[in-house]
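Report on one structure; see the data block that follows.
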Amino acid sequence: MPELPEVETMVRDLKKKVLQRTFLNVWTDAPKLIKKPKRFADFEKGIKRKRILEIYRRAKNIIFELSGGCSLLVHPKMTGHFLIGNWSLTDNSWHAEKRGPMKEKVNSYIHMMFWLDKGPMLALSDLRKFAKVELWRTEELKESEYFKSLGPEPLEKEFSFKIFKDIITMTRGKIKPVLMNPKVIAGIGNIYSDEILWRARLHPLRDTRSIKEKELKEIYNNIKKVLVSAIKLRGESISDFRDPQGKKGFFDTERRVYQREGEKCRRCGSIIKRLKVGGRSAHFCPHCQSN
DNA sequence: ACTAGCCCCTGGGAGC
DNA sequence: TGCTCCCAGGGGCTAG
């Protein structure tokens, strides 16, 4: 499940491989993934012959800044990830493939394929087809209500303890869903919120208004520590996340609570429990993370 | 102002 | 072995 570290891993790899290259063509068998513009023909027309000038991450979005004042935004949601491959489809086989299922899928979950000039192609794999693909005017995207609504980036220098403290104390609710809310802080999802709270020794259901300064400091420090460490390890692959080369991440070695229900806490030996909050499962140690 | 629930989707696990 | 049922989950949305 791509969260900030997995999306950051994809962006860093993509920058090495596809920067300055030009979109020649695009294919999909799941046009519903494309939310903007509404018609695939318009999307196709809009992306063709555009060169990739920059690639960056905002929250869990991957944004390709293109020539001609366009930006391609991809939110991978649950199972989306980019793959870079040397599938040698010539222009002729592309036309053949257009009429039927792709024969050269390296992965049967590829639902979008981008042909680039020179070298390997770019594919979007998405088992559950939840991903969001949008083509924007760059200016409009940067000024969009959506961008403005996103919370701060937790790894930016500007994300000080004071800012963190202010937004958490301002946001009422249970700490786990608050941490996961992209409008509060960008990029933290179910896995990393569980891991952060275990390290900070806070119960996922703690009311934000009851959290003391010292505890806030623990959460703040562990947000940075966990995310930085996960990026170094190239993300998690408990889910089906793979990097653009199709390789797994190594965060599993650092996993302490997520999907460890019934197993022993690595700190105190108590049995890890699971509960539901905000429609998501929260994993925690009932001894270390008392409410 | 909250929160619970629904929806999109599909593989995998459980139960029979 | 194979069928059916149910669940997970990001995030936007609605309904209570």
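Chain naming here is simple, since letters A, B, ... match the order of the sequence lines and numbering starts at 1 in each.
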Cation-pi, A:Phe161 ring and A:Lys217 (6.0 angstrom, 45 degrees): yes

Would A:Lys132 count as a cation-pi partner of A:Tyr146, with NZ or CZ less than 6.0 Å from the six-membered ring centre and within 45° of the ring normal?
yes

Distance in angstrom units between [X] [atom1] and [N] [atom2], rounded:
X	N	atom1	atom2	value
A:Asp29	B:dC9	CG	C1'	13 Å
A:Asp194	C:dA8	CG	P	13 Å
A:Arg274	C:dC7	CZ	P	11 Å
A:Gln259	C:dG9	CD	C1'	11 Å
A:Ile110	B:dT10	CD1	P	16 Å
A:Ile191	C:dA8	CD1	C1'	12 Å
A:Leu4	C:dG10	CG	P	14 Å
A:Glu6	C:dG9	CD	C1'	14 Å

Nucleotide N/O to protein N/O under 3.5 Å, stretch nucleotides 2-5 of chain B:
from	atom 1	to	atom 2	distance (Å)
B:dC2	OP1	A:Arg172	NE	2.6
B:dC2	OP1	A:Arg172	NH2	2.9

Practice item. Indicate whether A:Phe130 forms a stack on C:dG10; treat it as stacked only if centroid distance is below 5.5 angstrom and interplanar angle below 30 degrees. Key: yes

Q) Would you call A:Lys214-A:Glu218 a salt bridge at under 4.0 Å N-O? A) no

- Task: Would you mind classifying the nucleic acid contact of A:Lys35 as base, sugar-phosphate or nothing, using non-hydrogen atoms under 4.0 angstrom?
- Result: nothing

| query | If you count the non-hydrogen atoms of other residues, nucleotides and ligands that lie under 6.0 Å from CZ in A:Arg49, is the total more than 12? | reply | no

Any donor-acceptor N/O pair, A:Arg21 side chain to A:Lys118 backbone, under 3.5 Å:
yes

| message | Quick check against the 3.5 Å criterion: does A:Lys35 have a side-chain atom that pairs as donor or acceptor with the backbone of A:Lys32? | response | yes

- Query: Is the distance from OP1 or OP2 of B:dT10 to the nearest side-chain N or O of A:Thr79 less than 4.0 Å?
  - Reply: no

### Query
With respect to the phosphate group of C:dA8, does any side-chain polar atom (N or O) of A:Tyr258 fall under 4.0 Å of OP1 or OP2?
no

Result for side chain to side chain contact (heavy atoms under 4.5 Å, CB included) between A:Ile55 and one of A:Lys15, A:Glu65, A:Lys16 points to A:Lys15

Residues A:Ile272 and A:Arg260: closest non-hydrogen pair is CB-O, 3.3 Å

The nucleotide from B:dC8, C:dA8, C:dG10 with an atom nearest the side chain of A:Met78 is C:dG10

Counting primed atoms, P, OP1 and OP2 as sugar-phosphate and everything else as base, the B/S/- map of nucleotides 11-16 of chain C against protein heavy atoms under 4.0 Å is BS----

A:Asn181 side chain reached by A:Thr171 side chain, heavy atoms, under 4.5 Å: no

